Amino acid sequence: MSAPPGTADTAAAIREAARRIREQGDSAPQLARDPVNTPMINNWTEALGDADPRYPELAPPAMVQVWTMRGLHGRRPADDPLGAMTAVLDEAGYTSVVATDCDQSYARYLRPGERLSVRSRLTDVVGPKRTALGEGWFVTTVSTWSVGSGDDAEPVAEMMFRILKFRPPSPPEPAAAPRAVLRPVVNRDTEYFWAGMAAGELRVWRCGECGLLRHPPGPMCPRCSATHPEFLIASGRGEVYSYVVHHHPPVPGRELPFVVALVALEEGVRVLGELRDTDPAGVRVGLPVEIVFDRVDDELTLPAWRAR
Ligand code: ZN
């Protein structure tokens, strides 16, 4: 089935598949793995707090489905009508499921030692319907439990079971949320650097007295102790001096893995930043790079690097 969900072709194909499965009638009897037994009855009545003194000499009728459960490694039989109809709807894009109705009726109590079998048939498939969950199809099956599985099997319980197979609506586009990044602390000593980033300039601290360049910035010249720094505007070119490939842990605003490079500028100081658009395996010391001004918002532009 190749037509997209919701088209007339798809609906017609689903109805045709439903007709075919319905015409197959009852599945072959599936024999229960174990007979009705006292330990399972005790587990059930304890879990539900049912102190009826008739149990566990008899089995609670609502346990009927328990006796034919397939177990942890069981497989749905090939002729199971619900499995077949589910596959058709999955393929047509109705991939989600919710049970909507279940109605059981019992002919009599079961006793430990009785071994059940179950058969199922598809009774109807209705759709497409618009529901609060999305567009979908209601699929109804009827299962019949019998004691024994041969011609003399005695029907003891019946269940009508209805599900809605629906196409979940596409998730809404994420709102234009502010980008989650780790924000630097901007203070009197670093304000010129971040103002430069916003202006598209890579500014490097320079001593107003002796001309020493340094990065990251500080309040005082480490060489002459002057406290009136200036800055120069760097070319934005350099080469990888060292780097790490960050695999873990996750960092807000970053996709893993990413490369953090310490870049030696042409002017001589070293500046740290993410190296973008570069295969981590291709990074090497000495790789020529240039600055990228990564504008996060009105207040913040981060320095990053790319190979040149
Ligand atoms: Zn100085």
Side-chain angles (χ1 to χ4, degrees), residues 1-33 60-108 110 115-151 153-172:
M1 197 172 307
S2 55
T7 67
D9 282 357
T10 305
I14 289 170
R15 289 193 189 96
E16 172 56 23
R19 189 191 58 77
R20 211 177 55 242
I21 295 166
R22 200 166 48 233
E23 279 180 359
Q24 288 167 6
D26 270 313
S27 59
Q30 289 292 308
L31 193 61
R33 183 163 66 170
M63 280 189 78
V64 65
Q65 205 172 1
V66 169
W67 306 118
T68 51
M69 283 186 173
R70 287 185 284 271
L72 188 58
H73 305 292
R75 308 191 92 157
R76 200 185 271 278
D79 67 347
D80 178 75
L82 186 55
M85 199 61 227
T86 294
V88 168
L89 290 166
D90 279 342
E91 199 184 331
Y94 299 96
T95 52
S96 295
V97 64
V98 61
T100 60
D101 299 274
C102 180
D103 186 12
Q104 298 185 342
S105 54
Y106 317 108
R108 65 165 173 85
L110 298 173
R115 193 153 178 202
L116 297 187
S117 67
V118 63
R119 312 177 66 162
S120 299
R121 63 183 186 278
L122 183 68
T123 57
D124 59 38
V125 175
V126 177
K129 298 279 191 191
R130 297 220 162 271
T131 77
L133 294 169
E135 184 184 284
W137 296 72
F138 289 94
V139 178
T140 308
T141 54
V142 170
S143 298
T144 306
W145 283 269
S146 302
V147 171
S149 57
D151 292 339
E154 175 202 0
V156 290
E158 194 172 80
M159 174 175 74
M160 182 279 289
F161 185 60
R162 184 173 295 133
I163 60 169
L164 171 66
K165 281 287 285 176
F166 64 99
R167 177 160 48 107
S170 313

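Everything numeric here is computed off the predicted structure, so don't read it as measured data.
- Across all their heavy atoms, A153 and P155 have their closest contact at O-CD, 3.5 Å.
- Side chains of F166 and K129 form no contact here, defined as non-hydrogen atoms less than 4.5 Å apart.
- The local environment of CD in Q104 is crowded, with over 12 non-hydrogen atoms from other residues, nucleotides or ligands closer than 6.0 Å.
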M85 and I14: CA distance, side-chain angles, deciding distance, side chain to side chain contact (heavy atoms under 4.5 Å, CB included) verdict: CA-CA 9 Å; M85 199 61 227; I14 289 170; 3.8 Å; yes
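- Residue L133 holds its CG atom at 6.0 Å from CG of L164, rounded to the nearest 0.5 Å.
- Test L122, I21, I163 against L82 for side-chain contact (heavy atoms from CB on, under 4.5 Å) and you get one pass: I163.
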Residues R108, L110; criterion side chain to side chain contact (heavy atoms under 4.5 Å, CB included); working and verdict: CA-CA 7 Å; R108 65 165 173 85; L110 298 173; 3.9 Å; yes
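- Checked by atom type and distance alone, the side chain of R75 never pairs as donor or acceptor with a backbone atom of R70 at under 3.5 Å.
- Under 4.0 Å is where a charged nitrogen must lie from a carboxylate oxygen, and between D90 and K165 at least one such pair does.
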T86/R76 under side chain to side chain contact (heavy atoms under 4.5 Å, CB included): CA gap, chis, key distance, verdict: CA-CA 12 Å; T86 294; R76 200 185 271 278; 5.7 Å; no
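- Minimum interatomic distance between V64 and A157 (heavy atoms only, all atoms of both residues): CG2-CB, 3.8 Å.
- Looking only at side-chain heavy atoms (C-beta outward), W137 and Y94 come within less than 4.5 Å of each other.
- In this structure a side-chain-to-backbone donor-acceptor pair under 3.5 Å is missing from T144 to R119.
- Here the CE atom belonging to M159 is positioned 6.5 Å from the OG1 atom belonging to T141, to the nearest 0.5 angstrom.
- Between the CD atom in Q30 and the CG atom in L116 there is a gap of 13.0 Å [rounded to 0.5 Å].
- Looking at T100, its side chain does come within 3.5 Å of a backbone N or O of R162 through a donor-acceptor pair.
- Taken from OG in S117 to CD in E154, the straight-line distance is 11.0 Å, to the nearest 0.5 Å.
- Looking only at side-chain heavy atoms (C-beta outward), S120 and F161 stay at 4.5 Å or farther from each other.
- Note on R20 versus E23: no salt bridge recorded, every NZ/NE/NH1/NH2 to OD/OE distance being 4.0 Å or above.
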Worked check of side chain to side chain donor-acceptor pair (under 3.5 Å) between D124 and T140: CA-CA 5 Å; D124 59 38; T140 308; 3.0 Å; yes
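- The backbone N or O of M160 lies less than 3.5 Å from no partner atom in the side chain of D101, so there is not a single donor-acceptor pair.
- Remark: the backbone N or O of A32 is paired with a side-chain donor or acceptor of R115 at under 3.5 angstrom.
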